[in-house]
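Lettering follows sequence order; numbering is per chain, from 1. Note that this is a predicted model, so its numbers are computed, not measured.
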Amino acid sequence: MKDLLTKNLNPSQAEAVFFTKGPLIIFAGAGTGKTRVITHRIAYLLSLGVTPWSILAVTFTNKAATEMKQRVNDLAPQAGANVWVSTFHSFCAYFLRVEAKKIELNPDFLIYDFADQKNVIKDCLRELNIDEKKFKISTIVNKISRAKDDLKSSSDMAVAADIDDDFVGTTTATIYQLYQKKLDRVGALDFGDLIMRTVIALQQYPALLEHYQEKYKYIMVDEYQDTNHAQYMFVKLLAGKYHNVCVVGDDDQSIYSWRGADVTNILNFEKDYPDAKSVKLEQNYRSTPKILTAAGQVVKHNSERIDKQLWTQNSDDGSVSVVTAVNENDEAAKVIDLILLKTLRNQYNLSDFAVFYRTNAQSRTFEEAFIKAGMPFVIIGTLRFYDRAEIKDIMAYLKLIHNPNDNVSFKRIINIPKRGIGKTSLESLEKFAILKDISIWQAIPFALEAGLTKNAVVALNSFRQLVKAFTDLKNNASVKEIAKKVITYSGYSKDLENENTPESKSKIENIRELVSAIDNFEHRSTDKTLAGYLTQVSLISDIDSLDESKGKVTLMTLHLAKGLEFNNVFLCGLEEGLFPIGKSAFDSEDLAEERRLMYVGMTRARKHLYLCWATERTVYGETKWNIPSRFIEEAGFKDELAEKKQVFQKSQNFGQGFNRTRWNDTGNSGGYKKYAKVEVKYRNDNSYDYIPSDDEIIKDAPLYTPTEDASPYKIGTLVSHPVFGKGKIIEKNGAGNDLKLVVLFETGQWKKLLARIANLTID
DNA sequence: TAGCCCGGCGTTTTT
DNA sequence: CGCCGGGCTA
């Protein structure tokens, strides 16, 4: 077996695979075969006679987990199936359900997602009489989530805020406390709770910890650079007895610090385990040398990183090109031109192309351009299937059936379809429920007492009957049957049928898709209960089903691109202010993370990488001037950018690039929906009489003369303000009397100012 | 109660 | 520019 495995591995990979006793850290650069190492290591352990049940491999995404599981199965056909490969969250959800009774937890707990969290926070603010404008809901959700990532309770937060004399912190802690109370009362856990409660349980119940330490003698963690403190503790606890812990990661690909990920986890691994073995994987199997060099040059600008030098035996040069566009439409047109010509030359299929951007807002332009071009594409992640209103509605019914005390779901569907229970009625009922410390569901019998109108009481009771009837089904009917009954008897489908609009038709389609998804779940899953279904759903994401994108160009944000690879990659919107985004250029840590994101994007490319930027971009209805992202220069294109600027000055005509006139507007946009997965049929038009080269498209763009910018205020200009002091212009919009500036002051605060009245002096 | 209008706001979001 | 949510009116 060892020989068999060795054949597939390079020396460092083999070193990692065959090191099985004690802590091991694998620094795996992009494309160096880390999944191969993990899966082969598992196979090797199994070949040594390690029981599959004692191996635990954790990842961050379901997609990664599924893929890993598949590959382990391929390598070790029988035993492989019994290795536990899952995400942190699904492992913890499983753990908490199984051990619920021991740790005094309701085993029927619901899992609240971001939207649910926001709803609860909103209630908290109302209850505590806090102005939503002063305390932004999503900010609070984030703060609470970060606290949980750090294993901090509301009282921890309160104490810390008190010491720092931090009013905002104190208030947030108060909100956190009430929020937690609401979750506890309902029996709901948010994502952070899944990890935190698991860690707390392991800490509080030594017998439980002992049991799991004994059970999982071998632990492997993928993407270790993205672990937060709670996940770190989870791993540390589980591995506490045998120390057979193998972590794999790349500090250069740490892009989730804003979500609580703590790179020091990977940087300090050798401190945590002094006897740890460390292996660096540096041979890249994905990209051509040019791409690797460019990506390496970019990430080298970060100071605090573990030095590594990716290299490749790949002899194909590949290419890295800068694509300069006039504006965002031109950028999209050029991307499409390049894709089109490469597919027309039969060099590549559409699925060989990916378009990455920094913000979701950028996807719109591409969406429109692709539809216009009749080029099939798929946008990942803008709106998840399970985030669609109609799906959430049906899911809310299912959640309520599972747990009628779920106030968030209750409020979502109490008047959907309309039952004549409006805002006022609901508000009074909720107030009553809070007063009596019961759920809204439990408050229904007291509706009259709560001051609701007769009509509302009648409607409320019939709603109660409806849900009760569904609940009675729970033990005898499958999830699918329940769902079907809900869709019909709630009146939901009838409502949509009556509406009879394109939107309502698409909603009906989606609901059908949901039913077949449930059907699929029942065929695949071992736990076929409603609870099992709800758990599974709350832990999946859109990218998990990326495989469907065959024959289509893939569009997504850079964050979602991690772990993927494509022959041709377009990195778009490479402009200062957009990427690196906003004010991140002024904070060295933020900038470093942006740079890592750039590095991740670049290293997705196998053969050709296009760095795209537009001199002008309309954002939120305002047209802004841009300068190319520093990352283009850092990738080694300083001279080329200088050349581009010269071409700009000379050119006159604009927007007559290749085949932009060739695409007419009759391209099939019939099936177009503004949803996560947009599919458009390819318009089979063979009327291309001239196919230009890459270069012609790339060089053709800057046919544009920017109007002279006469204002003395430029991005980067140092200014003084009579009140705020010295600062630097970091953004500018509009012109003349409307010229608006964003100035970052030395105090650290930034202000939006109207140049006309701001009374700025240039330093 | 429900529908319309207006004003504010807009970075990324593995689970 | 478009979306969402709050508040006002029929």
Ring geometry between A:Phe463 and A:Phe410 (parallel below 30°, tilted from 30 to 60°, perpendicular above 60°): perpendicular
Rounded to whole Å, please give me the gap between [atom1] in [X] and [atom2] in [N].
| X | N | atom1 | atom2 | answer |
| --- | --- | --- | --- | --- |
| A:Asp226 | B:dT14 | CG | P | 12 Å |
| A:Leu125 | C:dG6 | CG | P | 11 Å |
| A:Leu194 | B:dT14 | CG | C1' | 14 Å |
| A:Ile137 | C:dC4 | CD1 | C1' | 12 Å |
| A:Gln117 | B:dT15 | CD | P | 14 Å |
| A:Phe88 | B:dT15 | CZ | C1' | 11 Å |
| A:Gln536 | B:dT15 | CD | C1' | 13 Å |
| A:Gln253 | B:dT14 | CD | P | 17 Å |

If we check side-chain contact (heavy atoms from CB on, under 4.5 Å) with A:Leu202, which of these qualifies: A:Thr198, A:Val199, A:Ile200? A:Thr198
For A:Lys399, run the side-chain contact (heavy atoms from CB on, under 4.5 Å) check against A:Val408, A:Asp406, A:Ile111 and tell me which one passes. A:Asp406
Has A:Leu448 got more than 12 heavy atoms of other residues, nucleotides or ligands less than 6.0 Å from its CG? no
Is A:Phe114 atom CZ crowded by more than 12 heavy atoms from other residues, nucleotides or ligands, each under 6.0 Å away? yes
Scan nucleotides 1-13 of chain B nucleotide by nucleotide, 5' to 3', and note B when protein non-hydrogen atoms come under 4.0 Å of the base, S if they reach only the sugar-phosphate, - if neither. BSS------BBBB
Any side-chain heavy-atom pair from A:Tyr224 and A:Phe60 closer than 4.5 angstrom? no
